[in-house]
Amino acid sequence: MPSVPPPDWVLVRRRALGDRIREVRRERKLSQERLAELAGLDRQAVNRIEQGHQSPVLDNLIRLAVVLEMEVVLAGPVPEE
């Protein structure tokens, strides 16, 4: 059974999350490969998350947040479209 694609508002938030992860990774002067290594992920997973092509599993989001020294906030302001 094919899955239903997420609504646009979900995709907007997924991209905003990926943009923020990329921004902080660059501030920390980490490559995608190094971030993936430190978080126990593969580089392709980090790339898909940053591009908004994949929703991160909560465990992976926590791993990325720990490495990037970010706080995980499950609810927050709605990003502008």
## Note on the structure
Residues at least two apart in sequence or cross-chain that pass salt bridge (Lys or Arg N to Asp or Glu O under 4.0 Å) with Arg34, listed by chain then number, are Glu37
### Message
Can you give me the closest heavy-atom contact between Leu17 and Pro56, atom names plus distance?
### Response
CD2-CG, 3.9 Å
### Task
Specify the closest pair of heavy atoms between Glu33 and Arg43, including all atoms of both residues, with the distance to one decimal.
N-CG, 3.7 Å
#### Entry: Over 12 non-hydrogen atoms of neighbours within 6.0 angstrom of CD in Gln44
yes
### Message
Taking the side chain as everything from C-beta on, heavy atoms only, tell me whether Leu58 gets closer than 4.5 Å to Ile62.
### Response
yes
### Task
Check each of Arg14, Arg22, Arg20 against Glu50 using the salt bridge (charged side-chain N to carboxylate O under 4.0 Å, His left out) test, and report the only one that passes.
Arg22
### Query
Are Val72 and Val57 joined in one hydrophobic group, where the rule is that I, L, V, M, F, W and Y side chains link up if heavy atoms are under 4.5 Å apart?
no
### Message
With rounding to the nearest 0.5 angstrom, report the CD1 to CZ distance, Ile21 to Arg25.
### Response
10.0 Å
### Message
Distance check, rounded to the nearest 0.5 Å: Leu38 atom CG versus Leu68 atom CG?
### Response
9.0 Å
### Minimum heavy-atom distance Pro6-Leu11, with the two atoms named
CG-CD2, 3.6 Å
### Task
Could you give me the CA-CA distance, side-chain angles and deciding distance for Leu35 and Leu41, then say whether side chain to side chain contact (heavy atoms under 4.5 Å, CB included) is met?
CA-CA 8 Å; Leu35 174 58; Leu41 304 172; over 6 Å; no
### Message
So, taking the atom named OG in Ser55 and the one named CG in Leu61, what distance separates them when rounded to the nearest 0.5 Å?
### Response
10.5 Å
